[in-house]
Every structure is written in structure tokens, then in C-alpha cells.
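Okay, structure first, notes after.
All residue numbers in this chain count up from 1 along the given sequence.
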Amino acid sequence: VVTPVIADSLNINILTASYHGRFVLLLPKIAFNTSAINFGTTLLGTNKDYGLVIYNQGTSNLTISKITSNSGDIRFLDSSGFTLTAGGNLTRTVRLYANTRGVKNASFVFYSNDPNDSVHTVTATGIVFTTNELYLNTVTSKYGFVGTMKIRMKNFESVSAFQTSITLPASINYVAGSVVLNPART
């Protein structure tokens, strides 16, 4: 009787059993709930989280030895290694840190003992934006004299149009044609 041996790259037997010429292999298989994380948009100062699920769809333990990232703006809260039993899964939180505005990108590299996918990459992207602000000044005027209400917009992002509605007290009349839009400053 010959006992078959099938070994991995470390010469560890991965053959579980053989029956009449058929055999069962013990192999881990890494999988994820997504290959590309899209955070969408978030407001400056408002971090955003995503739960990345890592699965072991194989028949033996999956060991993730390390997770690396090329970004300081998008990172795992815990990037330490771990082991998943066959059929197991684990959720790790990925955070978009919204400290500066702009498009943020990251690539995460998972190093595992999956013989078919030992180095696997998951990408992530998100946009951090700021809001534009409108400022109204107070108006002081004597009866019968013209008062001016200035509206100032502080632009952090580009603006193609805006609309506002101001309710005036009954004692104040709007002078038709008195709205003036200053030219854009660069």
C-alpha cells in the first residue's frame, strides 16, 4: 500500500485523505466582501468607516501574516495578522480619515498562506469635501434712508449657482434691481 503525500511550498502534507484514488486537500482560500472599497463623499472632519469582511472559503486554516497600506488617509484600525479556521470570517474596520480635503486613495496588501492568492490587494477610495458658507451682515438704517445688507460667500469648493430667500420685515421694502453680484475673486 502506497500512502500518497501532497505537500505545500513548506513541505507540509496538505493531503487529508485518499479513497480509491481520490483525495481531499487541505487548503485555505482567501476571499473578501469587496475588491474595492468606495467611501463616497464625507465632510471635512467627519471620518468614515467601512467593515471589510475577510473570509476563509478553504478547508484548512488561513493565516494572514500582515496587512500593509500605502496611505495615511485610509487605514485599518487594526492591521495585525490573524488566523481564520476553515469556513470562518472576520470583519476589520477601515477608516477614511477626513483631515484634509480632496480625493483619497489606498491599496491594502494582504499576505497569507493561500497557495493560489498569497498576496492579495484591495483598493479604497473616497472624497473629502468642505461646505461653502454664507454670511449676512446686520443692517442699521434710519427711516426713509437706504440700508445695505451684504451677503458674503466663503468658497471652499467650486460653485456654479446658489439661491437664497430672505424674508424682510413688513417695515422694510426691497428696491427692485438693487442686487449686485461682485465679480469672482481668484
Side-chain angles (χ1 to χ4, degrees), residues 30-56 64-82 84 89-112 117-143 145-186:
I30 193 168
F32 300 87
N33 63 332
T34 186
S35 61
I37 300 167
N38 186 343
F39 284 98
T41 58
T42 189
L43 184 62
L44 183 70
T46 307
N47 297 337
K48 205 167 188 182
D49 290 347
Y50 179 86
L52 182 69
V53 183
I54 303 109
Y55 299 95
N56 179 5
I64 305 290
S65 57
K66 68 179 177 176
I67 306 168
T68 62
S69 172
N70 66 347
S71 172
D73 295 317
I74 304 176
R75 302 188 306 266
F76 276 93
L77 297 185
D78 179 0
S79 61
S80 62
F82 56 91
L84 291 175
N89 67 74
L90 176 73
T91 301
R92 285 280 172 97
T93 301
V94 181
R95 177 166 292 162
L96 167 61
Y97 289 91
N99 299 324
T100 58
R101 50 184 274 244
V103 176
K104 310 299 178 186
N105 293 299
S107 291
F108 302 107
V109 181
F110 293 79
Y111 297 88
S112 75
D117 197 5
S118 62
V119 179
H120 188 93
T121 301
V122 173
T123 60
T125 189
I127 299 171
V128 179
F129 70 97
T130 57
T131 59
N132 295 322
E133 300 170 355
L134 286 177
Y135 297 96
L136 303 175
N137 74 317
T138 56
V139 177
T140 304
S141 180
K142 295 182 181 179
Y143 183 77
F145 290 87
V146 174
T148 301
M149 175 185 289
K150 293 183 180 179
I151 302 174
R152 184 172 57 94
M153 179 183 283
K154 189 171 184 180
N155 293 17
F156 294 102
E157 300 288 339
S158 62
V159 175
S160 57
F162 82 95
Q163 178 179 338
T164 186
S165 180
I166 300 172
T167 304
L168 299 173
S171 60
I172 297 177
N173 294 319
Y174 167 71
V175 177
S178 65
V179 173
V180 177
L181 184 61
N182 290 334
R185 287 186 271 171
T186 57

Checking side chain to side chain contact (heavy atoms under 4.5 Å, CB included) for the pair Ile37/Leu96: CA distance, chi angles, key distance, verdict?
CA-CA 10 Å; Ile37 300 167; Leu96 167 61; over 6 Å; no
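Atoms CG and CG, on Asp78 and Leu90 in that order, are 8.5 Å from each other to the nearest 0.5 Å. For the atom pair OH (Tyr97) and CG (Asp49), the distance works out to 8.0 Å, reported to the nearest 0.5 Å. We find the CG-NZ distance between Leu43 and Lys48 to be 10.5 Å, quoted to the nearest 0.5 Å.
The minimum heavy-atom distance between Phe39 and Ala124, with the atom names listed, is CE1-CB, 4.3 Å. Of all the heavy atoms in Ser71 and Asp73, the pair that sits closest is OG-N, 2.9 Å. Of all heavy-atom pairs spanning Leu52 and Asn33, the tightest one is CD1-OD1, 3.2 Å. Contact record, Thr46 with Ala98: O-CB, 3.5 Å, taken as the closest heavy-atom pair. Nearest heavy-atom pair across Ala106 and Ile74 is CB-CB, 3.7 Å. Here the closest heavy-atom approach between residue Ile64 and residue Ser112 is recorded as CD1-CB, 3.7 Å.
For Thr125 and Asn105, the side-chain atoms include at least one donor-acceptor pair closer than 3.5 Å.
Under a 3.5 Å cut-off, the side chain of Lys66 and the backbone N or O of Tyr111 do not form any donor-acceptor pair. Proximity of a side-chain donor or acceptor of Thr93 to a complementary backbone N or O of Leu77 within less than 3.5 Å is not detected. Remark: the backbone N or O of Ser80 is paired with a side-chain donor or acceptor of Arg92 at under 3.5 angstrom. Asn56 places no side-chain N or O within donor-acceptor distance of the main-chain N or O of Ile30, the cut-off being under 3.5 Å.
Using cut-offs of 30° and 60° for the angle between ring planes, the Phe110 and Phe76 rings count as perpendicular.
With contacts defined as side-chain heavy-atom distances shorter than 4.5 Å, the pair Asn47/Thr42 does not qualify.
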